[in-house]
Amino acid sequence: MKKKIIKRTVDTTTFAFPNIHAVLQRVYAARGLKSAAELEQGLESLLPYQSLLGIDKAVTCLYDALRLQKNILIVGDFDVDGATSTAVAIRALRSFGAKHVNYLVPNRFAFGYGLTPELVEVAVNNFNPALIVTVDNGIANHAGVQAANERNIQVIITDHHLAADTLPDADAIVNPNQPLDPFPSKHIAGVGVIFYVMLALRRYLTEHQWFTQQSIPEPTMSRLLDLVALGTVADVVALDHNNRILVHQGLRRIRAGHCVPGITALLELANRNPKRVVAADLGFAVAPRLNAAGRLDDMSLGIESLLCDDIVRAREMVGILDQLNDERRVIEQDMQEQALTFLKKIQVDKIVFPRGICLFDPEWHQGVIGILASRIKDRFRRPVIAFALANEHELKGSARSIPGVHIRDVLAKIAMLYPQLMGKFGGHAMAAGLTLPVASFDIFSSVFDRVVAELVNEDDLHHALWSDGELHADELTLEVAEILREAGPWGQAFPEPLFEGVFEIVEQRLLAGKHLKLMLTKGEKVFDAIAFNVDVNGWPNYRCERVNVVYRMDVNEFRNKCKVQLVVEHLEAV
């Protein structure tokens with residue numbers, strides 16, 4: 001599908017960033033930064049925890065449980081945000097002196113998402129908790145909280161997903177997306193929320209002389225930021241200023257070698273140099289391997305790798321995660337081929353192609369439908385929901401969306417128009433989950449397409465690349481590449497810079513049958529370039545001498561030598 005290249009508009013009159021390279025000034029301005037304060041990445045610039053609604057109640061409950069050494073159970077989610085949230089909570093509470101803290105993550109195939117009544121029963125039988133703390137879930141689990149209340153178990157919900165019209169009857173709820181919460185960063189991940197709760201608890205314990213009384217060294221909370229960074233990047237939340245600080249500080253710790261052995265082992269396995277790690281390494285190399293545990297088996301293995309303090313043991317666990325990830329890739333590829341065959345048939349039959357796509361096959365793996373939806377969304381540039389069988393009567397769906405279409409709001413509108421059509425649903429702007437009766441799939445698909453069509457126009461469905469303009473040959477330097485690499489963290493809503501320009505082709509050849517290796521010239525300079533997963537029907541094109549390239553600058557390190565490499569996002573013959 002042809003891609004539309006849009007040049008970012010830059011208002012250089014509103015603010016000049018002092019002592020910053022001109023290219024980076026342009027990039028920052030194009031991302032809407034207005035003041036030097038938005039570039040501050042020190043911990044002192046983090047938003048204060050005091051503005052989080054419900055955090056005082058949560059701290060009081062936790063202090064009471066800690067003081068009386070009650071059984072505390074962390075209930076997490078089965079993705080990377082949930083795993084890192086669980087690890088942050090347990091590592092923090094143990095460092096505060098908690099002697100009876102455990103975790104429970106629902107197996108997605110047996111229990112589904114969040115704190116359900118069935119999971120409360122498992123919790124009681126296995127851990128007998130006096131206090132349950134949910135992390136990265138809970139805001140929609142009314143029945144589960146009620147089941148805990150009936151067992152006289154206190155519940156603290158920490159979450160970041162959008163709230164429904166009513167809230168669960170928990171002892172405390174900490175979620176910046178609950179009604180009337182004044183916390184400015186609505187994009188914080190679940191791991192960020194529990195980090196803030198633990199930050200507030202540490203302060204409370206200090207003020208009450210807890211650490212002195214217990215002869216415990218006062219813990220340094222920054223030691224948890226490697227986990228916070230990983231969970232934040234993996235959950236693809238918008239990197240607003242507060243999230244950029246959390247990720248930047250976590251990356252600093254990883255680069256300095258001050259991270260948990262599990263992250264070190266995951267980076268080793270992915271052949272990433274921890275001393276030069278960037279946010280993209282966490283998102284594309286570390287997170288998928290950790291996620292594989294929750295997708296195919298049980299996220300407990302992923303959590304254990306993050307709680308482990310022995311690098312040898314961590315490497316063993318990460319090796320198993322890597323095997324699961326390889327298995328996930330095979331399953332995903334088969335599912336993707338089936339989905340593409342179905343969608344191609346729609347195009348061939350000249351049926352009107354849907355604006356909102358729903359896909360289902362009874363053989364699809366429930367743990368992989370989220371990745372499938374994301375892949376199809378990227379390919380066809382429209383919201384996608386992929387479904388798998390939860391049981392013989394019910395489907396489980398995973399939705400992914402495009403900018404401009406708030407997918408949870410779409411589901412909420414469908415629920416309002418057709419109250420009996422769906423089961424449970426929840427999520428946020430770009431991703432959501434739902435359940436659906438098997439018999440309702442066809443009508444739901446039609447309704448979903450119609451509701452999405454009301455929200456998008458043809459321009460929204462074009463693949464668009466937002467360019468930061470052209471770089472002159474004298475700006476295509478290792479210095480600029482290093483500046484841009486360090487200027488992030490880049491990610492969702494704060495994208496890594498993309499540039500465009502016309503180059504002469506000196507050499508082109510395929511690597512591994514799908515990646516195009518290029519040698520390009522601009523002016524008198526020669527550049528290495530790589531385009532991943534090219535259309536092999538069109539490239540290499542030996543008749544093409546000049547090419548228009550949309551690319552990002554990277555630093556290729558080989559045998560301790562660094563040089564500029566252009567990573568090609570799009571190329572077309574000139």
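Side chains are part of it too, since the values below use all heavy atoms of this structure and drop only hydrogens, waters and symmetry mates.
No donor-acceptor distance shorter than 3.5 angstrom exists from the side chain of Asn102 to the backbone of Ile74, with no hydrogens or angles considered. When atom types are taken as modelled, the side chain of Thr341 and the backbone of Glu337 share a donor-acceptor pair closer than 3.5 angstrom. Of the possible donor and acceptor atoms, none in the side chain of Asn141 sits under 3.5 Å from a partner among the backbone N and O of Ile139. Using modelled atom types, no side-chain atom of Asp235 and backbone atom of Val237 make a donor-acceptor pair closer than 3.5 Å. At distances below 3.5 Å, not a single donor-acceptor pair connects side-chain atoms of Lys514 with backbone N or O atoms of Val536. Without hydrogens or angle criteria, Asp159 side chain to Asn175 main chain gives no donor-acceptor distance under 3.5 Å. In terms of modelled atom types and a separation under 3.5 Å, the side chain of Asp334 and the main chain of Ile331 share no donor-acceptor contact. Gln154 contributes no side-chain N or O that, together with a main-chain N or O of Ile132, makes up a donor-acceptor pair within less than 3.5 Å. One N or O on the side chain of Asn242 and one on the backbone of Leu47 form a donor-acceptor pair closer than 3.5 Å. Panel note: side chain Arg408, backbone Phe425; no donor-acceptor pair is recorded below 3.5 Å.
Here the side chains of Leu104 and Phe127 are in contact, with some heavy-atom distance below 4.5 Å. In this structure, Glu218 and Arg202 have side chains that are in contact, with non-hydrogen atoms separated by less than 4.5 Å. Counting heavy atoms from C-beta outward, Val555 and Arg276 have side chains that approach closer than 4.5 Å. Two residues are said to be in side-chain contact when any heavy atoms from C-beta on lie closer than 4.5 Å; Arg315 and Leu269 fail this criterion. Two residues are said to be in side-chain contact when any heavy atoms from C-beta on lie closer than 4.5 Å; Ile385 and Phe387 meet this criterion. Between Met317 and Leu301 there is a side-chain heavy-atom pair separated by less than 4.5 Å. Contact check for Thr232 versus Leu239: side-chain heavy atoms found under the 4.5 Å cut-off. Two residues are said to be in side-chain contact when any heavy atoms from C-beta on lie closer than 4.5 Å; Arg253 and Arg223 meet this criterion.
Note that CZ of Arg328 is 12.0 Å distant from CG of Leu321, once rounded to the nearest 0.5 Å. Distance check: Gln323 CD to Leu296 CG gives 12.0 Å after rounding to the nearest 0.5 Å. The line from CD of Gln41 to CG of Leu246 is 11.0 Å long, rounded to the nearest 0.5 Å. Considering OG1 of Thr158 and CG of Asn137, their distance stands at 7.5 Å, rounded to 0.5 Å.
Salt bridge status for Glu482 with Lys563: absent, with no side-chain N to carboxylate O gap under 4.0 Å. Ion pairing between Arg329 and Asp326 holds under the 4.0 Å rule for side-chain N and carboxylate O. Ionic pairing of Asp226 and Arg255 is not present here: no N-O contact between side-chain nitrogen and carboxylate oxygen is shorter than 4.0 angstrom.
Using modelled atom types and a 3.5 Å distance limit, the side chains of Asp136 and Ser85 yield no donor-acceptor pair. A donor and an acceptor atom, one from each side chain of Gln249 and Ser222, are nowhere located under 3.5 Å apart. Asn243 and His187 share no donor-acceptor pair across their side chains, judged by distance under 3.5 Å alone. The closest side-chain donor-acceptor pair between Glu304 and Tyr103 falls under 3.5 angstrom. With hydrogens and angles left out, the side-chain atoms of Lys99 and Gln69 include no donor and acceptor closer than 3.5 Å.
A pairwise comparison of heavy atoms in Arg203 and Tyr49 identifies CG-OH, 3.1 Å as the closest pair. A pairwise comparison of heavy atoms in Ser95 and Ile216 identifies O-CG2, 3.5 Å as the closest pair. Scanning both residues, Cys308 and Pro261, for their nearest heavy atoms gives O-CD, 3.3 Å. Minimum interatomic distance between Pro383 and Ile407 (heavy atoms only, all atoms of both residues): CB-CD1, 4.3 Å. Pairing each heavy atom of Ala65 with each of Leu131, the nearest pair is CB-CD2, 3.8 Å. Taking all atoms of both residues into account, the shortest heavy-atom contact from Gly138 to Pro168 is O-CG, 3.5 Å.
Cation-pi check for Arg244 over Phe494 is met; the charged atom lies under 6.0 angstrom from the ring centroid and within 45 degrees of its normal.
Among Val133, Leu201, Ile156, the single residue meeting the side-chain contact (heavy atoms from CB on, under 4.5 Å) criterion with Cys61 is Ile156. For the side-chain contact (heavy atoms from CB on, under 4.5 Å) with Ile254, the qualifying choice from Thr264, Leu282, Val260 is Leu282, the only one to do so.
Ring geometry for His161 against His428 counts as parallel: the plane angle stays under 30°, on a 0 to 90° scale with 60° as the upper cut. Taking the six-membered ring where the residue is Trp, Tyr196 and Phe183 present perpendicular rings, their angle passing 60° and hence far from 30°.
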